[in-house]
Amino acid sequence: MEQRDLSEKNKEEIVVMEMVYEMGLRGFRFLPVDLYRSHESHFLIEGDALRCPFTSLPNFGIAAAQNLVAAREEPFISVEDLKARARLSVAIIDMLRDMGTLNGLSDSNQVDFFSLL
């Protein structure tokens with residue numbers, strides 16, 4: 001497939017991948033999206049690495065990112081709480097779960113008393 005046959009989105013992805021590759025060659029590291037540290041749309045410098053923003057994820061729009069950042073002023077008690085307060089879609093929640101961003105966060109607001117024993 002020639003470059004002229006690619007969609008605009010594919011062309012943009014190539015530019016991003018070239019940039020990531022070059023930054024890797026220059027010694028930069030990228031940190032994954034974090035519920036409490038990532039910015040809506042800007043990469044943040046953390047030591048010798050760059051923290052990825054929410055909008056760097058596929059189909060994670062600026063409105064969803066803004067909702068999440070506004071909602072995280074108080075810690076999330078569960079994935080259910082995150083989804084409701086940040087008004088995130090099931091697809092976004094599933095993507096965050098698949099990436100490991102939700103590790104350590106229980107699925108439900110319900111407390112399982114038997115797991116406490």
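For the single chain, residues carry numbers from 1 onward in sequence order.
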Heavy atoms only: give me the nearest [X]-[Y] pair and the separation to one decimal.
X      : Y     : answer
Arg37  : Arg72 : N-NH1, 3.8 Å
Ser56  : Phe43 : CB-CZ, 4.4 Å
Ala49  : Leu31 : CB-CG, 3.7 Å
Ser108 : Glu80 : OG-OE1, 3.8 Å
Pro32  : Ser38 : O-OG, 4.3 Å

Nearest 0.5 angstrom please: [X] [atom1] to [Y] [atom2], how far?
X     : Y     : atom1 : atom2 : answer
Leu6  : Ile14 : CG    : CD1   : 5.0 Å
Asp98 : Leu57 : CG    : CG    : 11.5 Å
Thr55 : His39 : OG1   : NE2   : 9.0 Å
Leu82 : Ser78 : CG    : OG    : 8.0 Å
Arg29 : Asp48 : CZ    : CG    : 4.5 Å
Asn67 : Ile62 : CG    : CD1   : 10.0 Å

Mind running salt bridge (Lys or Arg N to Asp or Glu O under 4.0 Å) on Lys11 and Glu8 for me, showing each step along the way? CA-CA 5 Å; Lys11 289 177 185 176; Glu8 284 303 312; 3.7 Å; yes
With side-chain contact (heavy atoms from CB on, under 4.5 Å) as the criterion, how do Leu68 and Phe60 come out once you've worked through the C-alpha distance, each side chain's angles and the decisive distance to 0.1 Å? CA-CA 11 Å; Leu68 196 154; Phe60 205 119; 4.1 Å; yes
I'd like to check Asp34 versus Arg51 (side-chain heavy atoms, cut-off strictly below 4.5 Å). Are they in contact?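 The answer is yes; the side chains approach within 4.5 Å.
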Are more than 12 heavy atoms, taken from residues, nucleotides or ligands other than Met17, located less than 6.0 Å from that residue's CE atom?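 No, because the 6.0 Å sphere around CE of Met17 holds 12 heavy atoms or fewer from other groups.
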Look at atom CG of Asn59 and say whether more than 12 heavy atoms of other residues, nucleotides or ligands are closer to it than 6.0 Å.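 Counting neighbours around CG of Asn59, 12 or fewer heavy atoms of other residues, nucleotides or ligands fall under 6.0 Å, so no.
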[X] and [Y]: same hydrophobic cluster, using ILVMFWY side-chain contacts below 4.5 Å?
X     : Y      : result
Phe28 : Ile45  : yes
Leu96 : Tyr36  : yes
Leu88 : Leu105 : yes
Met99 : Phe54  : yes
Val90 : Met95  : no

Using a strict cut-off of less than 4.0 Å between a Lys/Arg side-chain nitrogen and an Asp/Glu carboxylate oxygen, indicate whether Asp107 and Arg97 qualify as a salt bridge. yes
